Number of protein chains: 2
Amino acid sequence: MAVTIRDVARASGVHISTVSRTFSAPHLVNPETRSRVLATAEQLGYRPNRAARALITGRTHNIGLIVADIANPFFPPLIKAAETHARRRDYHVFVADTDEDPIVEADLVQALAKQVDGILLCSPRMSDDQIEQLRREVPLVVINRMITGLPAVVMDVGQGARSAVRHLLDLGHRHLVYLSGPRGSWTNQKIRQAAGATARAAGAELTVLGPHQPVSAAGAAAAEAVLATGATAVLAYNDLMAIGLLQALQDRDIAVPGQVSVVGIDDIAASELVRPQLTTVANPTAAAGRAAVDMLLQQGDDGSTGQINLHTDLVIRNSTGPGPFLPAGATTAEVAAYVKE
Amino acid sequence: MAVTIRDVARASGVHISTVSRTFSAPHLVNPETRSRVLATAEQLGYRPNRAARALITGRTHNIGLIVADIANPFFPPLIKAAETHARRRDYHVFVADTDEDPIVEADLVQALAKQVDGILLCSPRMSDDQIEQLRREVPLVVINRMITGLPAVVMDVGQGARSAVRHLLDLGHRHLVYLSGPRGSWTNQKIRQAAGATARAAGAELTVLGPHQPVSAAGAAAAEAVLATGATAVLAYNDLMAIGLLQALQDRDIAVPGQVSVVGIDDIAASELVRPQLTTVANPTAAAGRAAVDMLLQQGDDGSTGQINLHTDLVIRNSTGPGPFLPAGATTAEVAAYVKE
DNA sequence: GTGAAAGCGCTAACAG
DNA sequence: CTGTTAGCGCTTTCAC
């Protein structure tokens, strides 16, 4: 059996409560006794049992982090930052993957509820109602979603999408495609709205294709549909889809950005590794992870329910350029033909 | 306050031990009582407190998963598979990141020890001694490392490296480079040995460059050094480095595979997304994650300490091809000149 | 089949 | 400053 507080008490000739205090309220114990206790504890290899402590204090010093898909490269930097940040504050983190399934998501929150001091919900696919329901069982901080009254950290993809579309418009593109993401994604809606509004305001056309799974294969599979629209530029829900599209276009000998420009969102590591390097909207995922942890841990102290909006940046690389040179006033059909050829 | 076993007992008119039994040993309780208890529990929203249960049973139903770097794309598929598999067996998983630091690694094991039933150590950077030491505090399963007497799951990179080198030799390459990984990596040693032995046996030359951090920037930074060796083919410690090298070579107008062939290891998602697509050794990371979880959970039952060796597969894509065409018997210097030009 | 009681490892009043 | 006592939520003997 592992060494307990009792063993330390016996070995150092004090009562167990003194040992307890040595660890949980050191200032309440005589420096001499303290160092003696600490010494024997060290020697015996004693480590407080957090679970037992949690039982009485009500604080587990654990947090939960629920994401849609660990293997989606968008999440790991966020997970890493959150975990490192939490550990620095002496918290351990449970990580769980919902596989984009809202039911699994809800189950997970409930299963974890008793073992954690709070949960970070990353890009949740549940309904607002469900989230508010669960919030009564356990403190929640939501990432990449805005729900009134709920603490949240969002990366301002709306603004990112606007920058991206403006960039495309500045290059002369008049017909864009938005390759939309999965159903139930709050982010997806925001991007779509922002992109649509920006294009419309400039008198340009924006065709929405989707929904799609947020993976590269979906981007690749959409290539034909994209070409069929006759658009000369594409904004994708995320980099994965953008990269899939990029390669599928090149495999069809469509030049990027010569004939079609492509913009992604997220700035995952791979977007710098592909050629042409992907123009994309950089999301501060690591900062978001840290901010969310801070928010969750503060929630206990005061009852604050702030909402943080993190700035996103358009990173212009080599997958965007001027639209194909066409006679002014060409019809959509002509553009399509031109692009396809 | 949350609803406890006591609330359920009161509400259903039975003693708390009956409620307890209803959840932990249902067969010991009258079916009628059981369903009544279950009903009120359901209605009150009761969920057993695992921490309290763990205190007495000694089983937390949690496991720890410690990896070198969550953001390294090699790990997320493994983490995902392990987490999903564990959850299916009703286990939650703590994920932690050591940032490639053996000290952090050891601390983490000790910090997690009391809260878990066991820990999965993924590509540990600690010494064998340290690991064996820690093993006495908590059940351990090691992934990607072989230590006698310790349960382990390894992906057979040695065999993978042999296949890769043979593939290169078959294409006619006579001088190879191994771009080695981080110090302290067991995998790195295995690859190096296997690659060296295979090359030597065929009378070919293998130059080892390194150590390197296992990131794409390190691969890119090694481009000059690689060219300076005059080798016509490179095996890299992992795909990230291989991809970095790939791009750096192309940026210098060195054709891949025309002038230099490049092989990676891992088969991360990005290796299929870059052009040319990367020839690489596919590691069954997801299978490894699941196997390790199974091993850890069985360890409690019997005292088995098996070691599983998972097969790796060479995936031939487009970054490898015949070496540059040269007059037979060209000197190394000539080859270097040719390749550089 | 169910209740009573003890106790897992620890903290939190309360005395002294 | 330190010891005493009660008890967090739950399981597990042991009687009945």
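The model shown is predicted, which means the values in this text are computed figures rather than measured ones. In what follows, chains carry the letters A, B, and so on, assigned in the order in which the sequence lines appear, proteins first and then strands, with residues in each chain numbered from 1.
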Practice task
Going 5' to 3' through nucleotides 11-16 of chain D, assign each nucleotide B (protein heavy atom under 4.0 Å from a base atom), S (under 4.0 Å only from sugar-phosphate atoms) or - (no protein heavy atom that close).
Solution key: BBB---

Exercise for the section: Go through residues 27-40 of chain A and report each residue with a non-hydrogen atom lying under 4.0 Å from DNA chain C, sorted by number. Expected result: none

Completion exercise
Here the pair of heavy atoms bringing Ala54(A) nearest to Thr60(A) is CB-CA, 3.7 Å

Could [X] and [Y] be called an ion pair, given the rule that one side-chain N must be under 4.0 Å from one carboxylate O?
X: Asp107(B); Y: Arg87(A); answer: no
X: Asp69(B); Y: Lys80(A); answer: yes
X: Asp294(B); Y: Arg89(B); answer: yes

Handout entry: Check: Asn283(A)/Asp266(A) side-chain N/O donor and acceptor closer than 3.5 Å
Key = yes

Practice task
State, without any angle test, whether Gln115(A) and Asn62(B) hold a side-chain donor-acceptor pair at a distance under 3.5 Å.
Solution key: yes

Exercise for the section: Enumerate the residue pairs fulfilling ring-ring contact (aromatic ring centres under 6.0 Å, His included) with a member in residues 19-50 of chain B, sequence neighbours excluded, ordered by first and then second residue. Expected result: Phe23(B)-Tyr46(B)

Between [X] ([atom1]) and [N] ([atom2]), how many Å, whole number?
X: His15(B); N: dG3(C); atom1: NE2; atom2: P; value: 7 Å
X: Arg6(A); N: dT4(D); atom1: CZ; atom2: P; value: 13 Å
X: Leu55(A); N: dG7(D); atom1: CG; atom2: C1'; value: 9 Å

Practice task
On DNA chain C, check which nucleotide each of Gly13(B) and Lys114(B) is closest to and give me the residue with the more 5' one.
Solution key: Gly13(B)

Exercise for the section: Determine, step by step, whether Asp128(A) and Arg145(A) satisfy the salt bridge (charged side-chain N to carboxylate O under 4.0 Å, His left out) criterion, reporting the C-alpha distance in whole Å, the side-chain angles of both residues, the deciding distance to 0.1 Å, and the verdict. Expected result: CA-CA 9 Å; Asp128(A) 285 13; Arg145(A) 177 127 159 203; 2.7 Å; yes

